[in-house]
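First up is the structure itself, then whatever we jot down about it.
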Amino acid sequence: MAKHRHVIHLSEVPVEKLSAPAGSPFGGRRQRAGAQVGASKLGYSFFNVAPGMAAFPYHTHAANEEMIYIIDGGGVLRFDKEEIAVTAGSVIACPPGADYAHQLINTGQGELHYLVVSTMEYPDLCEYPDSNKVGAYASAAVGAHVGFRRVYARDRNVDYYEGEDGREIARILNPARRR
């Protein structure tokens, strides 16, 4: 195969284990091909997920759009309020927005192999309807410039000024405190 910085064979892409908690129904392996070939506006990752598992919790994106292509195996796609059987050859669009929560679960007997292509739009806010969380992501999780990435429980809404005591304003306005 010809060598070029924007061309790679999938066998050359490092395999990483998803960092899901041990014993949970989440897990799998990912190969971040987009990051390896210098993609900047699209992310493309190949996933292998064992039977009875899902790679990620049920979630939405405010900014990113994802496309999933099932290479091998089968499963159930939770998509908004529907549960849709998918098999090899299925192409799935997951547009951004609260109406497009999605999760792919391997309900088959063998591994589920699929490709996810994402628009890599940041910042992105994700909602996790099953656990009532929200994620705030300033950047992708890989690359030279990984920025702010946090997940919060939605149960505690706070006022915009909560925790803001103005101490630094007083310090700046009072020249005697600057020393």
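Because only heavy atoms are used, hydrogens play no part in the values below, and waters and symmetry mates are left out as well, while side chains stay in. Note that the coordinates shown come from a computational prediction; the quantities given were computed from them, not determined experimentally.
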*Among the clusters formed by ILVMFWY side chains lying less than 4.5 Å apart, do Tyr44 and Val91 turn up in the same one?*
yes

*Cation over ring, Arg150 on Tyr152, under 6.0 Å and within 45°?*
no

*If Ile, Leu, Val, Met, Phe, Trp and Tyr residues are connected whenever their side-chain heavy atoms lie under 4.5 Å apart, and connections chain through other members, are Val117 and Val13 in the same group?*
yes

*Considering all heavy atoms, the nearest Pro96-Ala62 contact*: CB-O, 3.6 Å

_Can you give me the closest heavy-atom contact between Pro95 and Tyr100, atom names plus distance?_
O-CB, 3.3 Å

*Would you say Asn64's side chain and Glu121's backbone share a donor-acceptor pair under 3.5 angstrom?*
yes

*asked:* Taking Met67 as the starting point, is it possible to reach Ile70 by hopping between hydrophobic residues whose side chains are less than 4.5 Å apart?
replied: no

*asked:* Using the rule that Ile, Leu, Val, Met, Phe, Trp and Tyr join whenever any side-chain heavy atoms are under 4.5 Å apart, tell me whether Ile92 and Val116 fall into a single cluster.
replied: yes

_Give me the atom names and distance for the closest heavy-atom approach of Tyr128 to Pro57._
CD2-CB, 4.1 Å

*What residues form a side chain to side chain donor-acceptor pair (under 3.5 Å) with Asp130, not counting sequence neighbours?*
Arg78

*Could you tell me whether the side chain of Glu82 and the main chain of Phe79 form a donor-acceptor pair under 3.5 Å?*
no

*Scan Lys133, Arg154, His59, His61 and name whichever one has a side chain to side chain contact (heavy atoms under 4.5 Å, CB included) with Glu127.*
Arg154

*His4 side chain vs His6 backbone, donor-acceptor pair below 3.5 Å*: yes

*asked:* Could you tell me if the side chain of Glu111 sits less than 4.5 Å from the side chain of Asp72, heavy atoms only?
replied: no

_Gap between atom CG of Leu77 and atom SG of Cys94 - 0.5 Å precision_ = 6.0 Å

*Flag, side chain of Asp124 to backbone of Tyr137, donor-acceptor distance under 3.5 Å*: no

*Roughly how far apart are Asp80 CG and Tyr58 OH, rounded to 0.5 Å?*
5.5 Å

*Atom CD in Gln31, atom CD in Glu16: separation rounded to 0.5 Å?*
9.0 Å

*For Arg149, check salt bridge (charged side-chain N to carboxylate O under 4.0 Å, His left out) against everything at least two apart and list the hits.*
none

*Distance from Ile71 atom CD1 to Leu115 atom CG, nearest 0.5 Å?*
5.5 Å

*Sidechain-backbone polar pair: Ser118 side chain, Gly43 backbone, donor-acceptor under 3.5 Å*: no

*According to a 4.5 Å side-chain heavy-atom criterion applied to Ile, Leu, Val, Met, Phe, Trp and Tyr, with indirect links allowed, do Val151 and Tyr122 form part of one hydrophobic cluster?*
yes

_Value rounded to 0.5 Å, distance of CD in Glu65 from CE in Met120_ = 14.5 Å

*Should the heavy atoms of other residues, nucleotides or ligands under 6.0 Å from CD of Glu162 be counted, would the total exceed 12?*
yes

*Does CD belonging to Glu83 count more than 12 external heavy atoms closer than 6.0 Å?*
no

Please tabulate, for side-chain N and O atoms in residues 45-53, each donor-acceptor pair with protein atoms closer than 3.5 Å (sequence neighbours left out).
from	atom 1	to	atom 2	distance (Å)
Asn48	OD1	His113	ND1	2.1

_Any side-chain heavy-atom pair of Gln36 and Glu12 under 4.5 Å_ = no

